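Notes follow once the structure below has been shown.
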2 protein chains.
Amino acid sequence: MSSHDFKQELFAQFARVGKALGNGNRLELLEFIAQGQRSVDELAKITGLTAANTSQHLQQLRQVGLVECRKQGLKVYYTLSSDDVIGLLDALRGVAERHVADVDRLITTYLTVKDELEPLPREELLARAHDGLVTVLDVRPAEEYAAGHVAGAVNIPLAELEHCLKDLDLDREIVAYCRGPHCVLAFDAVARLRKLGLKARRLEDGYPEWKTAGLPIETGEMMDKHD
Amino acid sequence: MSSHDFKQELFAQFARVGKALGNGNRLELLEFIAQGQRSVDELAKITGLTAANTSQHLQQLRQVGLVECRKQGLKVYYTLSSDDVIGLLDALRGVAERHVADVDRLITTYLTVKDELEPLPREELLARAHDGLVTVLDVRPAEEYAAGHVAGAVNIPLAELEHCLKDLDLDREIVAYCRGPHCVLAFDAVARLRKLGLKARRLEDGYPEWKTAGLPIETGEMMDKHD
DNA sequence: CAAGTATTCAATAGTTTAGTTGAATATAAT
DNA sequence: ATTATATTCAACTAAACTATTGAATACTTG
């Protein structure tokens with residue numbers, strides 16, 4: 001095999017991974033899987049894709065090593081193959097956010113809270129949480145919280161936010177997070193909390209990044225994942 | 001615009017970047033551009049693509065913000081739009097190397113030197129170079145060296161390696177680098193130097209990574225880039 | 001201004017991909 | 001065993017991508 005063929009072949013292999021990242025549905029699947037393991041039909045329901053289509057996308061992701069699966073009983077559970085993948089997704093998001101005009105436009109028009117206050121960096125949250133200065137709020141659905149969350153975080157899924165305010169210490173600052181740096185849940189939560197006159201900020205990124213950074217996490221109370 | 005539409009649209013935008021990375025020729029173009037600015041016809045010649053095809057690929061890369069171009073006289077020069085892109089490419093390579101079986105097989109069968117000796121990390125090279133313990137060898141073509149290289153590195157393009165041995169201090173260890181972590185030039189150089197009985201190692205990655213890490217570089221003696 | 005070069009545009013054919021549908025397989029529960 | 005559920009497979013259509021070709025555009029040089 002010539003040096004030229006090798007190079008071509010190597011780039012072709014890298015391109016396979018790129019191709020796998022080249023579809024919005026697959027990226028959405030990856031974001032959900034990054035929250036914790038998920039079965040095919042859970043993913044199909046969340047994304048709104050058919051089971052067959054979901055399965056096909058998952059197999060593409062698996063073929064390029066982005067996810068792994070494990071059969072348990074009737075279901076097949078998919079997980080990210082490693083934290084490398086979270087880094088790759090963040091790199092992709094970062095480049096898109098900083099260099100694709102459409103992304104910037106989308107974010108600033110839709111995520112109105114975006115620039116009103118800088119999001120809180122991970123390390124800073126860690127310091128403040130340690131000093132007991134803030135309430136850390138996980139606004140993801142209960143199953144995702146159960147699969148793993150920032151140590152000490154309180155879970156109030158977005159839908160129940162207003163009903164559960166009594167569970168929060170209203171004097172302390174609230175820092176909300178969700179699935180990732182562009183997930184709408186935390187933006188939405190911060191906007192609604194501020195409307196209620198509370199001090200609220202957003203963590204700069206989501207649970208997968210927190211976990212990948214090696215920061216302290218807890219896993220849920222072994223809740224069964226029913227729907 | 002609903003939250004769901006926003007999410008879909010956002011993932012679709014991220015996917016555009018993924019798609020752009022989903023073709024081996026485009027990845028090869030990016031690697032060349034990462035060495036320094038390049039005109040369309042230079043890139044066409046190096047890659048062996050037609051000018052029209054090269055132009056089309058470059059425009060795709062430009063549309064998703066991976067590269068930028070600047071017209072100067074008769075030629076259009078392309079550059080990476082920022083160092084973010086190098087990080088993204090490295091993340092892609094890393095995931096592929098660690099999780100795609102075919103990539104690992106390719107690398108271990110073709111790059112025979114691969115596991116004989118650990119490649120040298122950047123920081124370690126920096127320390128040793130500072131102490132004057134090693135000769136840093138840039139084995140890329142002269143134009144790429146001229147466009148920028150590791151501070152203090154000697155340039156001997158691979159083709160002239162054996163002819164230019166006299167330029168090297170044969171008693172010191174030689175550390176070779178080239179375009180990136182999987183570029184064959186440095187692997188090849190190390191193999192050939194060792195065959196000649198010299199002490200040679202490979203830098204763990206290439207010039208773009210070195211530069212992006214903020215380590216010291218030099219740019220060439222304003223050579224005109226003719227062919 | 002004319003000629004030459006570099007780049008881009010437009011049209012095309014062949015290939016690949018996305019998503020749908022219906023069926024096949026495998027496991028669990030009755 | 002039979003039934004139900006979860007997942008995958010296979011076949012198909014519509015859409016998108018790649019690379020080629022030839023022409024058009026823009027700039028420089030003589």
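Remember, predicted model here, so these are calculated numbers, not experimental data.
OP1 or OP2 of D:dC9 has at least one side-chain nitrogen or oxygen of A:Gln59 nearer than 4.0 Å. For the pair B:Asn25 and D:dT18, the criterion of a side-chain N or O lying under 4.0 Å from OP1 or OP2 is not met. For A:His57, a side-chain nitrogen or oxygen approaches OP1 or OP2 of C:dG19 to under 4.0 Å. For the pair A:Gln60 and C:dA18, the criterion of a side-chain N or O lying under 4.0 Å from OP1 or OP2 is met. Proximity of B:Asn53 to the phosphate of D:dT18: no side-chain N or O atom is located under 4.0 Å from OP1 or OP2. Contact annotation: A:Tyr78 side-chain N/O to D:dA6 OP1/OP2 distance is not under 4.0 Å.
Atoms CG (B:Leu74) and P (C:dT8) sit 12 Å apart, rounded to a whole Å. Rounded to whole Å, atom C1' of C:dT17 lies 13 Å from atom CD of A:Gln63. Atom pair B:Leu21:CG and D:dC17:P shows a separation of 14 Å (rounding to whole Å applied). Atoms CG (A:Leu49) and P (C:dT20) sit 8 Å apart, rounded to a whole Å. Atom CD of A:Gln72 is separated from atom C1' of D:dT5 by 16 Å (rounded to the nearest Å). B:Gln37 has its CD atom 16 Å from the P atom of C:dA6, to the nearest Å. Atom P of nucleotide D:dT7 and atom NZ of A:Lys71 are separated by 8 Å, given to the nearest angstrom. Straight-line distance from the CG atom of B:Asn23 to the P atom of D:dA16: 18 Å, rounded to whole Å.
B:Ser81 contributes a side-chain N or O that, together with a main-chain N or O of B:Leu66, makes up a donor-acceptor pair within less than 3.5 Å.
B:Ser82 approaches A:His99 most closely through the heavy-atom pair OG-NE2, 3.0 Å. Between A:Cys178 and A:Val139 the shortest heavy-atom distance is CB-CG2, 4.0 Å.
DNA chain C is contacted by both A:Arg26 and A:Gly73; A:Arg26 maps to the nucleotide lying nearer its 5′ end (nearest heavy atom per residue). Comparing B:Ser39 and A:Gln56 against DNA chain C, the residue whose closest nucleotide sits nearer the 5' end is B:Ser39.
Within 4.0 Å (heavy atoms only), A:Thr54 reaches no atom of the nucleic acid at all. Residue-level contact check: A:Asp41 touches the backbone only, with heavy atoms under 4.0 Å from sugar-phosphate atoms and none from bases.
Shown are A:Glu28, A:Glu209, A:Glu144; of these, the salt bridge (Lys or Arg N to Asp or Glu O under 4.0 Å) with A:Arg179 is made only by A:Glu144.
Judged by the 6.0 Å and 45° rule, A:Arg202 forms no cation-pi pair with A:Tyr177.
Residues that satisfy the side chain to side chain contact (heavy atoms under 4.5 Å, CB included) test with B:Arg62, not counting sequence neighbours, are B:Val67, B:Cys69, B:Tyr78.
Residue A:Val40 has its side chain nearest to D:dT7 when only C:dA6, D:dT7, C:dT21 are considered.
Checked against the 6.0 Å centroid threshold, B:Phe14 and A:His182 count as a close aromatic pair.
Across its full length, the helix from C:dC1-D:dG30 to C:dT30-D:dA1 shows an angle of 30° between the axes of its 5 terminal pairs at either end, rounded to 10 degrees.
Looking at B:His149 and B:Asn155, their side chains never bring a donor and an acceptor atom within 3.5 Å of each other.
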